[in-house]
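Structure first, then comments.
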Amino acid sequence: MQQPVPQAPIKDLTDAELAGRIASGDRLALQCLMRRYNQTLYRTARSILKDDAEAEDAVQEAYVLAYHAMDHFRGDAKLSTWLIRIAVNVSIRRARKLNRSAKVIDLVADPADFRETGGMAQGAEMDEHTPEQPERAALRAETRRLIEAKISRLPDAFRTVFVMRAIEEMSVTETAICLDIPEATVRTRYFRAKGLLREALAREIDFSLSEAFSFAGDRCDRIVAGVLRQLGNSSPGI
């Protein structure tokens with residue numbers, strides 16, 4: 001009697017295999033697919049909507065649309081690219097509904113002028129088994145918040161390209177396909193986004209440098225008191 005061929009764990013299935021199962025109504029395959037691409041879709045939606053809750057809703061809507069349309073997926077592009085394009089379209093539509101009177105994101109046009117609105121050193125690496133100190137964890141969290149805030153203030157079209165290229169590490173070609181723009185435009189916007197982000201962070205650092213190793217306040221009082229105390233305890237002429 002022929003032994004049945006053992007099935008691979010669902011988490012090890014390829015995107016194409018997951019798509020086939022989802023098309024037949026397999027909700028477990030859908031869960032696996034969502035956990036595989038949740039971060040990518042969320043970051044993409046967040047780069048367009050600039051709001052955590054709206055981005056989460058947009059990702060959920062994108063998955064629902066993808067689930068109902070999965071039997072139409074023919075594999076002409078990567079499944080991840082297909083999902084991202086759905087998320088992009090949903091996010092743009094939501095952005096327009098949120099503020100119809102404002103200038104909404106334009107991923108196709110290439111305006112001539114955009115104005116900004118508004119790791120560890122070598123040898124300092126931490127051993128991966130060393131628990132992170134609370135001070136370092138707090139510093140990392142604050143640094144992350146600063147970078148996220150500056151990314152959020154990038155012009156719309158630049159921000160989305162930057163998130164896809166720098167954070168999600170997508171290729172120029174895949175980014176161009178997802179946003180339906182030329183590869184040359186992806187390169188230009190990514191370069192400009194990095195420049196704007198670098199300038200914004202540099203200004204933040206310059207501002208902070210003036211307050212580094214601050215001397216006024218308690219430290220100054222301690223030094224003055226310490227000197228006076230030592231002088232009071234010393235004999236005249238010393």
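Residues take their numbers from the sequence shown, with the count starting at 1.
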Practice problem: Please test Ile10 against Leu18 for side-chain contact (heavy atoms from CB on, under 4.5 Å), starting from the C-alpha separation and ending with a verdict. | Solution: CA-CA 8 Å; Ile10 193 167; Leu18 286 176; 4.0 Å; yes

Quiz item: So, Thr160 side chain and Ala157 main chain: donor-acceptor pair closer than 3.5 Å or not?
Solution: no

Quiz prompt | Counterpart residues, side-chain hydrogen bond (donor to acceptor under 3.5 Å, both in side chains), relative to Asn89 (two or more places apart) | solution = none

Quiz item: Okay, side chain of Tyr67, backbone of Leu30: is any donor-acceptor separation there less than 3.5 Å?
Solution: no

Self-check item: Residues Met164, Val161; criterion side-chain contact (heavy atoms from CB on, under 4.5 Å); working and verdict
Solution: CA-CA 5 Å; Met164 288 183 168; Val161 169; 5.9 Å; no

Quiz item: Hey, is the main chain of Met34 close enough, under 3.5 Å, to the side chain of Asn38 for a donor-acceptor pair?
Solution: yes

Exercise. With sequence neighbours left out, write down each residue that passes side-chain contact (heavy atoms from CB on, under 4.5 Å) with Ala149, or none if nothing qualifies.
Key: none

Quiz prompt | Electrostatic pair Arg36-Asp15, nearest N-O below 4.0 angstrom | solution = yes

In a table with atom names and distances, give each donor-acceptor pair under 3.5 Å that connects a side chain of residues 55-62 to protein atoms at least two apart or in another chain.
{"residue": "Glu61", "atom": "OE1", "partner": "Arg94", "partner atom": "NE", "Å": "3.1"}
{"residue": "Glu61", "atom": "OE1", "partner": "Arg94", "partner atom": "NH2", "Å": "3.3"}
{"residue": "Glu61", "atom": "OE2", "partner": "Arg93", "partner atom": "NH2", "Å": "2.7"}

Quiz item: When clusters are formed by joining ILVMFWY residues with side-chain heavy atoms under 4.5 Å apart, either directly or through shared neighbours, do Tyr37 and Leu13 land in the same one?
Solution: yes

Exercise. Determine whether Gln39 and Glu168 make a side-chain contact, defined as any pair of heavy atoms from C-beta on separated by less than 4.5 Å.
Key: yes

Quiz item: Who pairs with Arg145 by salt bridge (charged side-chain N to carboxylate O under 4.0 Å, His left out), at least two apart in sequence or on another chain?
Solution: Glu142

Exercise. Inspect the contact between Glu148 and Arg144 and indicate whether a charged nitrogen and a carboxylate oxygen are less than 4.0 angstrom apart.
Key: yes

Exercise. Check whether any side-chain heavy atom of Ile22 sits under 4.5 Å from a side-chain heavy atom of Leu33, and report yes or no.
Key: yes

Exercise. Tell me, please, which residues at least two apart from Tyr190 pass side-chain hydrogen bond (donor to acceptor under 3.5 Å, both in side chains).
Key: none

Quiz item: Within the distance-only criterion (no hydrogens, no angle test), does the side chain of Arg189 pair as donor or acceptor with the backbone N or O of Phe158 below 3.5 angstrom?
Solution: no

Quiz item: With Thr81, which residues qualify under side-chain hydrogen bond (donor to acceptor under 3.5 Å, both in side chains), at least two apart?
Solution: Glu174

Quiz prompt | Between Glu183 and Thr173: side-chain donor-acceptor atoms closer than 3.5 Å | solution = yes

Exercise. Using the rule that two of Ile, Leu, Val, Met, Phe, Trp, Tyr join whenever any of their side-chain heavy atoms come within less than 4.5 Å, decide whether Val64 and Ile92 are in one cluster.
Key: no

